[in-house]
Amino acid sequence: MTIRNVRDHGQRFRPRMACLKKVESVVLEMQDPKTGVKSQTQRLVITTIPHALTGEDIVAWIANRFKIDAAEARAMGTMMVAFGYIYPLQDHKRLMLKPDTSLYRFQTPYFWPAQQWPVEDTDYAIYLAKRNIRKKGMLELYEQEQYNNLYKWMNHKWDFIVMQAKEQYRAGKERKKPDRVVFDCQERAYWVVHRPPPGTVSAMDYGHDRMVDPNIEEKKTPDYYRRIIMFTQQCIMRPRVKSSVSIGALVKYTTTYKEHDPFLHACLPSNPWLTDDVTYWTLNMPNVETPTKMRVERWTFSFGELLMDPRGRDDFRLFLKKEFSGENLAFWEACEDLKWGAAETMKEKAQQIYKTFLARGAPRWINIDGKTMDITVKGLAHPHRYVLDAAQTHIYMLMKKDSYGRYLKSPVFKETQKKAIAPEQHRFTETQLEQNAKRRRPSLSPIILRQQEEEQKAKLAASGPVDITQVMSKLERKQTK
Amino acid sequence: MPLSSNKVADDGTSAQPQQEGKAMVDSLVKVVACYRHLASCIGGCTDNSSLRRDLLQTRERAQTLAMSCRNHLTARLRDKTLAEAERKETELLWVAFSSCLELLHADMCKVFTMVKHFSLANNSTMVQTGIQGGSTEVAARALSLPDLQEAGDGSQTSSVEGQEQSQLEQEIAQVDRTLEDMELKVNVLRWTVEALGPQYGDPVSTDSASLALLSIDEEAAQGFCSRSQMFAAMMLCGVAIFAVVLSVCVVFLI
């Protein structure tokens, strides 16, 4: 009993899964008695069941059909098993194709994966209830937990679910014994694909639901054609780059960053998404005392990296404070605040920045050339978010060309590099991984994180921008002494 | 089922339509379960015209049952003079009925797509699923007939198939409309309906044969057989040693 008349603009459509139709045509080709895969009989205790295939036969057939090598054929076969078109008869929980004499069978089209219909929880509840009726206590731990959850959510239909499970079980008894076994295997394989055991991933996982139904034909209205025209015009106007140049840039990027990519290289100490252990995240918090070695290495890649990382920015600020040129960074940060901040405080912020950094005789006067200063002052008459963009870019380039190089050679940076920690790789056993999974806790609330950020900002503002007037007055006092 | 034992109730007059409704919903649930079993055979190696015919007949029976159920339950729920306890039970039946109809709708949509893909008239390839037997017993259970006569004409022409397809399409649209009407006409709040039955269904007579087949299937890979054999052998050895020790003691005593 589901709610049908939902008329809002939410995302509820499953995306296109064009691969399914392609795999289906391959599966149908495999059925051909002459050119398809050889089938054997599976011998169980009392009966024999036909139409079993060995893994090596499947791999050989695929390799022959598509003219590919054995490793690729095996990968393709594993994909077919992962989608649920072929299911293993032994070791049914691991959906992969083993190129040996282990047996597989084709799934019936009723249980094939489909794009049009989502896999309903009601059906899953009926399946679990049926298995429980057949033999009490046959459900595994994760299935037990899901059963209890479903009982809570679908309580209103629970009588129906138990009734339907019983009736399906009784209807199954009407069939002959080998057919019953085959049907049970088929159903079990279907649910291993669509409700995978913990630690495995379903091949039918598609991320978020979509806004637009991919199955409806789009009507060719004038609006549709207008959109197509705009799109093609933009394609033509796009600036083009020589492939040698763009590929060169890609190669440079990948060689620099390949050890820092968590997909291509192991994360130290361990990837939290894989091992459920959050040490990596706690070690890389924005305001941590000692950063990790990998993080410090990333700061040397480019000035942008240094500024974008909050810990890097702190380090840079410390260095500039020692050099008494902190106003550049402060101006840059103030411009960022203006760009990304709330619209109501924009005018005051712009005025404040002008008074502090740009006006003649300002306390933290920044050194920008005359032309930029002209443009900025003119723009400040009618301030908007991006009025200080030119000045900000100029200061950014100044810092990059001048201070950044000196920072990388400075004792501040060398000190940070020395103190940086390089954590050991975690080595978890299976049981430890399960324990980690059970001990998962939600991270700090974003409200608390924001409060911490605000506190830090206030502390920074209080600990004081060293303005030129203070420095000058200090120097004067020293001279007079 | 708590209601079926309510044979001699205090108010015998109102128990009768309640039991009628329950019986109708029960039979609809049974028919939908059988329909699902039949639908799982489509496109497989046992797909033939008799399976298609069984599907058609089962579907028609399900539709007639659904119509009568709907009329009965709508009438009862709209009746303002219904007692509170009765209303609760009827609402439970209503939820069961609408969930059943949704399952039937989903199965009919699936059958529609599959029949389009695996057409008998065009001799499309069928998938070798390992099923060997026919579907007559399941259909007989659905239609509550002790025996189904095999009126097989064997072949299906494409025009006959086309007709059946369009009929199925119409029936799907009709069930769709029924579900929508149901939501509009009768207001049953899902969160007020509570299930009366147990969380776990009672095990119906355990079917040891297919269980044994499946469990051997699962455990063959684990080498359970060899472990059990070793265990049995060790037990036998222990018993033999014990017997030898006893006999030696007896010999010494004598």
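Naming: A, B, ... by sequence-line order, numbering from 1 per chain.
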Trace of the salt bridge (charged side-chain N to carboxylate O under 4.0 Å, His left out) decision for Glu167(A) with Arg36(B): CA-CA 11 Å; Glu167(A) 287 302 328; Arg36(B) 178 162 281 204; over 6 Å; no
Side chain Asn132(A), main chain Tyr200(B), donor-acceptor under 3.5 Å: no
Distance-only, no hydrogens or angles: does the Tyr110(A) side chain make a donor-acceptor pair with backbone N or O of Gly44(B) under 3.5 Å?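 No, because the side chain of Tyr110(A) does not come within donor-acceptor range (under 3.5 Å) of the backbone of Gly44(B).
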Relative to chain B, which segment of [X] carries a heavy atom at a distance below 4.5 Å: side chain, backbone, both, or neither?
X         : answer
Glu24(A)  : side chain
Gln186(A) : side chain
Ile161(A) : neither
Phe106(A) : both
Glu187(A) : neither
Thr122(A) : neither

Could you check which of [options] has the highest count of heavy-atom pairs closer than 4.5 Å to chain A?
options                                    : answer
Met114(B), Glu137(B), Gln132(B), Glu180(B) : Gln132(B)
Ile131(B), Val193(B), Thr125(B), Val138(B) : Ile131(B)
Leu92(B), Leu103(B), Leu184(B), Asp47(B)   : Leu103(B)

Atom pair CE/SG of Met163(A) and Cys100(B) - distance to nearest 0.5 Å: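 That separation rounds to 8.0 Å.
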Aromatic rings His37(B) and Phe183(A): how do their planes relate, parallel, tilted or perpendicular, breaks at 30° and 60°?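 Answer is tilted, since the angle falls between 30° and 60°.
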State, with a plain yes or no, whether a side-chain heavy atom of Val127(B) is found less than 4.5 Å away from one of Tyr85(A). no
